Participant: 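Here it is, the structure in full.
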Amino acid sequence: MDQHSHIIPLFDRVCGHLAAGDPRTRRPMSGRRVGFCLSDKKRRRMNLDAFADFCASHGVEVVEIDLAQPLAPQGPFDAIVHKLSDVIVEAEHDSQSQQLLANFESYVSTHPSTVLLDPLPAMTRLLDRFASYRIMSKLHNSLRDWRICSPPYLEVHRASDLPSIQQAVMAQGLSFPLICKTRVAHGSLSHEMSLIFSAGSLADIHPPCVLQSFVNHGAVLHKVFVVGDKHFCVERPSLKNFPSGPCDRKTIFFNSHQVSKPESSSDLTALDEQMPCLPPPSSQAVDALVRELRVQLGMALFGVDVIINIHTHTLTVIDINIFPGYEGVPQFFSSLLNHIESVLDKQTSTTSSLKTTTGGPPAGL
């Protein structure tokens with residue numbers, strides 16, 4: 001996101017790609033301290049207390065970071081796991097959030113050996129659907145052999161006259177119905193979406209937003225949760241099929257979080273016809289997708305929403321999520337701790353190699 005570019009150079013210096021270490025060379029995690037910097041809501045959804053107990057049983061101390069207090073006395077940290085989405089978004093217009101972000105930035109700059117999960121520039125980029133959809137649109141070329149794609153989309157940067165938007169929709173090859181999503185991919189408003197059924201109904205959109213061709217997918221969403229080099233697929237309810245092409249149906253406004261909850265029951269998810277079950281996503285294709293996105297994003301903790309096109313059975317990527325909730329992933333705690341362990345072992349191995357090569361510790365460590 002352009003407006004966040006001021007934080008990228010610093011974090012680029014201290015955050016690298018996170019590679020898994022060789023389990024045969026791992027040292028015990030005992031004595032290591034991992035800081036967690038999460039919102040209250042994220043803390044509850046993740047059940048951080050239970051995770052801290054799990055880590056303690058493996059000799060790892062979990063420390064909850066209070067951004068409002070100086071970070072140095074709360075450290076040292078071998079790693080920090082964070083989701084600063086609230087702070088980043090609010091820092092655009094709130095001086096207190098700007099100061100919290102500056103405090104975090106200052107600590108990281110003076111403690112470059114602390115590993116961050118995930119790099120802040122990568123997380124910041126995914127807060128902007130314009131940026132994440134550009135990444136998604138490139139998957140068609142890089143993953144062509146796996147028949148993976150994303151639907152055509154249009155960035156609407158600002159309110160303009162209706163004919164201009166209608167013309168842009170046609171020029172980009174979008175087809176009705178369209179799904180409209182906010183540009184900012186974080187916070188309660190980011191779940192507020194709409195289905196647009198005709199060119200005239202494009203008057204209902206509120207820029208900045210993304211328009212995306214809706215793909216019929218049998219009311220089934222596959223959420224892929226990524227934790228380092230592991231990933232898990234969880235099936236969720238999703239929007240039902242709609243007739244292709246423009247019609248005079250009024251715009252449908254909905255909350256995606258409500259529609260796709262595990263226990264969701266909505267008229268929007270009830271199929272109107274007897275729909276044969278679609279095959280699940282190919283595990284090999286999902287493997288390839290996750291590998292490619294880890295490289296493209298430079299992240300280890302993210303989610304990908306995919307659907308299966310009912311006509312072509314093509315694996316279709318419709319969204320990428322920062323540090324998702326991991327609901328329905330029974331091995332999340334062990335997977336996260338294993339990834340933290342592998343990252344710290346990788347760093348320890350690199351540091352040892354530099355010491356051997358240079359005869360001393362690397363600069364800044």
Side-chain angles (χ1 to χ4, degrees), residues 132-133 135-153 173-181 191 193-197 210-226 230-247 249 252 254-293 302-321 324-330:
S132 64
Y133 276 48
I135 294 169
M136 286 160 38
S137 67
K138 295 176 183 176
L139 296 175
H140 179 74
N141 291 326
S142 57
L143 297 171
R144 186 183 301 275
D145 292 345
W146 294 102
R147 300 181 71 237
I148 295 173
C149 69
S150 64
Y153 77 99
L174 274 65
S175 57
F176 290 98
L178 301 174
I179 188 163
C180 180
K181 307 176 185 180
H191 299 292
M193 303 182 183
S194 58
L195 278 168
I196 311 288
F197 293 92
V210 173
L211 294 172
Q212 185 183 52
S213 293
F214 179 78
V215 174
N216 283 326
H217 53 281
V220 177
L221 173 68
H222 302 276
K223 297 191 79 71
V224 182
F225 295 112
V226 180
K230 296 186 181 300
H231 62 269
F232 309 86
C233 290
V234 177
E235 191 174 297
R236 295 278 174 80
S238 186
L239 294 171
K240 64 184 179 182
N241 301 331
F242 291 93
S244 298
C247 68
R249 188 167 187 166
I252 296 175
F254 67 97
N255 183 296
S256 63
H257 186 65
Q258 298 298 324
V259 165
S260 292
K261 277 184 176 178
E263 69 282 5
S264 177
S265 178
S266 165
D267 291 341
L268 287 176
T269 65
L271 290 174
D272 292 332
E273 71 280 357
Q274 286 300 107
M275 168 78 193
C277 288
L278 289 166
S282 154
S283 59
Q284 292 89 347
V286 174
D287 288 348
L289 172 63
V290 170
R291 282 196 306 270
E292 179 69 14
L293 281 176
F302 62 92
V304 192
D305 291 346
V306 300
I307 56 176
I308 305 294
N309 186 313
I310 64 169
H311 301 297
T312 65
H313 290 190
T314 303
L315 187 67
T316 306
V317 182
I318 57 171
D319 245 324
I320 306 173
N321 308 302
Y326 293 96
E327 293 96 341
V329 178

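Since the structure is predicted, the reported quantities are computational estimates derived from the model, not experimental observations.
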Participant: Roughly how far apart are Cys149 SG and Asn309 CG, rounded to 0.5 Å?
Facilitator: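 Cys149 SG to Asn309 CG: 7.5 Å, rounded to 0.5 Å.
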Participant: Between Leu178 and Ser213, is the side chain to side chain contact (heavy atoms under 4.5 Å, CB included) condition met? List the steps.
Facilitator: CA-CA 5 Å; Leu178 301 174; Ser213 293; 4.3 Å; yes
Participant: To the nearest 0.5 angstrom, please state how far the CZ atom of Arg236 sits from the OG atom of Ser256.
Facilitator: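 Output value for this atom pair is 11.5 Å.
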Participant: Between CD of Glu292 and NZ of Lys138, what distance do you get to the nearest 0.5 Å?
Facilitator: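 These two atoms lie 10.5 Å from each other.
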Participant: Would you mind reporting whether Ile179 and Phe254 have side-chain heavy atoms less than 4.5 Å apart?
Facilitator: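 Phe254 vs Ile179: side chains touch.
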Participant: Taking the side chain as everything from C-beta on, heavy atoms only, tell me whether Val220 gets closer than 4.5 Å to Ser238.
Facilitator: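 Val220 vs Ser238: side chains apart.
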Participant: Hey, could you give me the CG/CZ distance between Asn241 and Phe214, rounded to the nearest 0.5 Å?
Facilitator: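 That separation rounds to 6.5 Å.
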Participant: Given the rule in the side chain to side chain donor-acceptor pair (under 3.5 Å) test, do Tyr153 and Lys181 qualify, once you have shown the distances and angles that lead to the verdict?
Facilitator: CA-CA 11 Å; Tyr153 77 99; Lys181 307 176 185 180; over 6 Å; no
Participant: Looking at CG of Leu221 and CD1 of Ile308, how far apart are the two atoms once the value is rounded to the nearest 0.5 Å?
Facilitator: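 Here the interatomic distance stands at 10.5 Å.
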Participant: Between CD1 of Ile307 and CD1 of Ile318, what distance do you get to the nearest 0.5 Å?
Facilitator: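 It comes to 4.5 Å.
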Participant: Locate the shortest heavy-atom distance separating Asn255 from His257; write the atom from each residue and the value.
Facilitator: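 Taking every non-hydrogen atom into account, OD1-N, 2.9 Å.
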Participant: Please report the closest heavy-atom contact between Leu278 and His217, naming both atoms and the distance.
Facilitator: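 The answer is CD1-O, 3.6 Å.
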Participant: Could you tell me whether the side chain of Glu327 reaches within less than 4.5 Å of the side chain of Val234, counting heavy atoms only?
Facilitator: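 Val234 vs Glu327: side chains apart.
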Participant: Is any side-chain heavy atom of Leu239 closer than 4.5 Å to a side-chain heavy atom of Leu195?
Facilitator: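 When only atoms from C-beta onward are counted, Leu195 and Leu239 do touch, with a gap below 4.5 Å.
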Participant: Can you tell me if Arg147 uses its side chain to pair, donor with acceptor, with the backbone of Ala285 under 3.5 Å?
Facilitator: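 No, Arg147 side chain to Ala285 backbone: no donor-acceptor pair under 3.5 Å.
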Participant: What's the shortest heavy-atom distance between Ala288 and Leu143, and which atoms?
Facilitator: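 Heavy atoms of Ala288 and Leu143 come nearest at O-CD2, 3.8 Å.
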Participant: Could you give me the CA-CA distance, side-chain angles and deciding distance for Leu315 and His222, then say whether side chain to side chain contact (heavy atoms under 4.5 Å, CB included) is met?
Facilitator: CA-CA 10 Å; Leu315 187 67; His222 302 276; over 6 Å; no
Participant: Start with the C-alpha distance between Phe225 and Val304, add both sets of side-chain angles, then the distance that settles side chain to side chain contact (heavy atoms under 4.5 Å, CB included), and finish with yes or no.
Facilitator: CA-CA 7 Å; Phe225 295 112; Val304 192; over 6 Å; no
Participant: Could you report the tightest heavy-atom contact between Ser150 and Thr316, atom names first, then the distance?
Facilitator: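 Looking at all heavy atoms of both residues, the shortest contact is CA-CG2, 4.2 Å.
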Participant: So if I apply the side chain to side chain contact (heavy atoms under 4.5 Å, CB included) rule between Leu293 and each of Val224, Ile320, Val226, which one comes out positive?
Facilitator: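 Considering Val224, Ile320, Val226, a side chain to side chain contact (heavy atoms under 4.5 Å, CB included) with Leu293 is found only for Ile320.
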Participant: Report yes if some heavy atom in the side chain of Pro324 is under 4.5 Å from a heavy atom in the side chain of Lys223; otherwise report no.
Facilitator: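 Sidechains of Lys223 and Pro324: no contact.
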Participant: Which heavy-atom pair separates Met136 from Val317 by the least distance, and what is that distance?
Facilitator: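 Of all heavy-atom pairs spanning Met136 and Val317, the closest is CE-O, 3.6 Å.
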Participant: Please name the pair of heavy atoms, one in Lys240 and one in Asn216, separated by the smallest distance, quoted to 0.1 Å.
Facilitator: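 Between these two residues, the closest heavy atoms are O-OD1, 4.3 Å.
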Participant: Taking the side chain as every heavy atom from C-beta outward, state whether Val215 and His311 have any atom pair closer than 4.5 Å.
Facilitator: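 A side-chain contact is absent here, since even the closest heavy-atom pair is not under 4.5 Å.
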